[in-house]
Number of protein chains: 2
Amino acid sequence: MSQNQILQSLIAENLVSDPKGARGRLLKEAARLFREKGYERTTVRDLAAAVGIQSGSLFHHFRTKEEILKAVMVETIRLNTALMQAAMEAAETPKDKLRALVRAELESINGQTGEAMAVLVFEWRSLSADSQADVLELRDIYEALWLDVLGALRDQGRLLAEPFVVRRMLTGALSWTVTWYRPERGGLTLDGLTDQVMAMLGFPATP
Amino acid sequence: MSQNQILQSLIAENLVSDPKGARGRLLKEAARLFREKGYERTTVRDLAAAVGIQSGSLFHHFRTKEEILKAVMVETIRLNTALMQAAMEAAETPKDKLRALVRAELESINGQTGEAMAVLVFEWRSLSADSQADVLELRDIYEALWLDVLGALRDQGRLLAEPFVVRRMLTGALSWTVTWYRPERGGLTLDGLTDQVMAMLGFPATP
DNA sequence: GTCTATAGGGAGATAGAC
DNA sequence: GTCTATCTCCCTATAGAC
């Protein structure tokens with residue numbers, strides 16, 4: 001399945017909003033603004049203006065501003081879990097699966113859903129404790145994918161560190177790329193960056 | 001020089017505030033609150049209450065709230081640059097120097113200055129563009145230390161990836177530990193965590 | 001150097017017309 | 001489903017007394 005087909009099927013199941021609809025467009029703009037200015041500095045007036053309505057009208061779609069933040073995060077995790085699963089299925093060996101996961105996460109962070117992924121990392125504290133608990137449940141599915149693959153590499157003796165530590169280090173390292181990686185400025189492509197991450201972990205690029 | 005001696009000499013040079021003085025205590029509380037609730041959600045009333053004064057009195061010490069954020073960041077970088085330099089001087093080989101840097105940065109992030117280090121990472125966007133430029137200058141000195149060591153390892157053929165990419169990955173990975181690493185809960189000591197990071201990079205622990 | 005009091009501005013959210 | 005109008009609250013920062 002292509003990335004677009006995955007998105008379409010999630011929309012059909014009502015797990016993520018159609019980016020063409022009113023709700024989907026708002027969430028997309030919200031992700032952009034939250035990433036750019038931070039959740040707190042983004043006002044409901046900013047959000048409304050970004051989709052061309054008045055601030056009062058927002059509250060027809062969402063009860064509170066925080067509900068918007070939560071929706072951005074929930075839909076992002078749902079989409080990316082599906083993308084990761086698809087990326088892994090195409091790979092055969094644990095090493096190839098790891099590469100697929102790294103590549104897919106870098107793509108999530110630096111591609112179309114990058115703004116929402118950055119929000120997930122940097123605006124976490126702005127989410128209420130209750131909402132955090134809900135979102136964490138979804139995250140566990142996603143993390144299990146990684147731990148399986150890293151565990152297999154560890155069993156093969158090709159990974160010297162503990163899988164759960166490596167996963168947490170990679171979470172930080174890959175998320176952080178959003179602050180510095182600029183593919184459009186030339187230099188490093190997404191595949192090149194993936195090669196660098198694999199090389200850092202001791203897996204030389206196979207040309 | 002011990003860590004405490006380094007701190008004392010920076011205080012003597014007026015490069016960081018004495019934690020016992022009024023300014024130093026405020027900055028320490030500010031770091032704690034900014035880390036806990038975020039800069040935007042922390043009010044000047046919160047800051048004042050944390051040191052037992054009224055909000056209006058704060059503005060006798062700092063002209064604006066943002067000036068407090070900037071001071072937290074500047075003093076943190078100054079202290080940590082000095083700590084890193086000292087940590088490196090004690091090591092001989094590039095590998096040992098890398099370990100010393102990793103250990104020192106993990107200690108900065110998870111030790112006494114951890115709150116301020118986390119603020120540096122997570123509240124960056126809350127700093128005005130002008131202040132960001134000032135702080136970035138200080139950061140360059142700090143980063144050069146890392147690139148020298150990673151470059152030496154690369155020359156030795158013991159590092160497969162590009163030094164500047166590895167440094168950025170490590171910045172993310174090590175900063176991220178602040179969100180999950182809890183030494184007091186047992187399990188992993190700071191040295192153990194350092195070993196894990198080194199192992200991840202392909203340098204087995206030497207017992 | 002700290003206090004009290006308050007100015008001045010925006011913030012999130014609501015109500016009811018269309 | 002969007003508009004206008006507005007409520008209420010709380011934020012940063014200032015002023016002047018002590």
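Chain naming here is simple, since letters A, B, ... match the order of the sequence lines and numbering starts at 1 in each.
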| message | Does either side chain, that of Glu107(A) or that of Gln3(A), offer a donor lying less than 3.5 Å from an acceptor on the other one? | response | yes

| task | Return the value, rounded to whole Å, for the distance between atom NZ of Lys65(A) and atom C1' of dG10(C). | result | 12 Å

| request: Using whole Å, report how far NE2 of His60(A) lies from C1' of dA15(C). | output: 15 Å

| message | Would you say Ser57(A) places a side-chain N or O within less than 4.0 Å of OP1 or OP2 belonging to dG1(D)? | response | no

| query | Which listed nucleotide (dA13(C), dT2(C), dT2(D)) is nearest to the side chain of His61(B)? | reply | dT2(C)

| remark: Among dG12(C), dC3(D), dG1(C), the one nearest any side-chain atom of Arg45(A) is dG12(C)

| task | Write down the distance between CZ (Phe62(A)) and C1' (dT14(C)), rounded to a whole number of angstrom. | result | 18 Å

| field | Residue Ser55(A), side-chain atoms from C-beta onward, closest of dG1(D), dT2(C), dA13(C) | value | dA13(C)

| request: Check the distance between dT14(D)'s P and Glu67(B)'s CD and give it to me in whole angstrom. | output: 11 Å

| said: Using a 6.0 Å distance limit plus a 45 degree cone around the ring axis, check whether Lys65(B) lies over the aromatic ring of Tyr39(B). | reply: yes

| task | Send over the distance from Lys37(A) NZ to dA11(C) C1', rounded to a whole Å. | result | 13 Å

| request: Give the rounded distance in Å between these two atoms: CD of Glu40(B) and P of dT12(D). | output: 9 Å

| request: Might you point out which heavy atoms bring Ala86(B) and Ile6(B) nearest each other, and give the distance in Å? | output: CB-CD1, 3.5 Å

| query | Given dT2(C), dG12(C), dT2(D), which nucleotide is nearest the side-chain atoms of Val44(A)? | reply | dG12(C)

| query | Do Trp146(B) and Glu105(B) touch side chain to side chain, with heavy atoms closer than 4.5 Å? | reply | yes

| Listed nucleotide nearest any side-chain atom of Phe59(A), set dC11(D), dT14(C), dC3(D) | dT14(C)

| said: Side chain of Gln54(B), heavy atoms from C-beta onward: which of dC3(D), dT4(C), dA13(D) has the nearest atom to it? | reply: dT4(C)

| message | Between C1' on dG1(C) and CG on Leu26(B), what's the gap in Å once rounded to a whole number? | response | 14 Å

| Of the nucleotides dA13(D), dT12(D), dT2(C), which has the atom closest to the Thr43(B) side chain? | dT12(D)

| Ser108(B) and Met117(B): which non-hydrogen atoms are nearest, and at how many Å? | O-CG, 3.5 Å

| said: In this structure, how many angstroms lie between the P atom of dC11(D) and the CG atom of Leu33(B), rounded? | reply: 13 Å

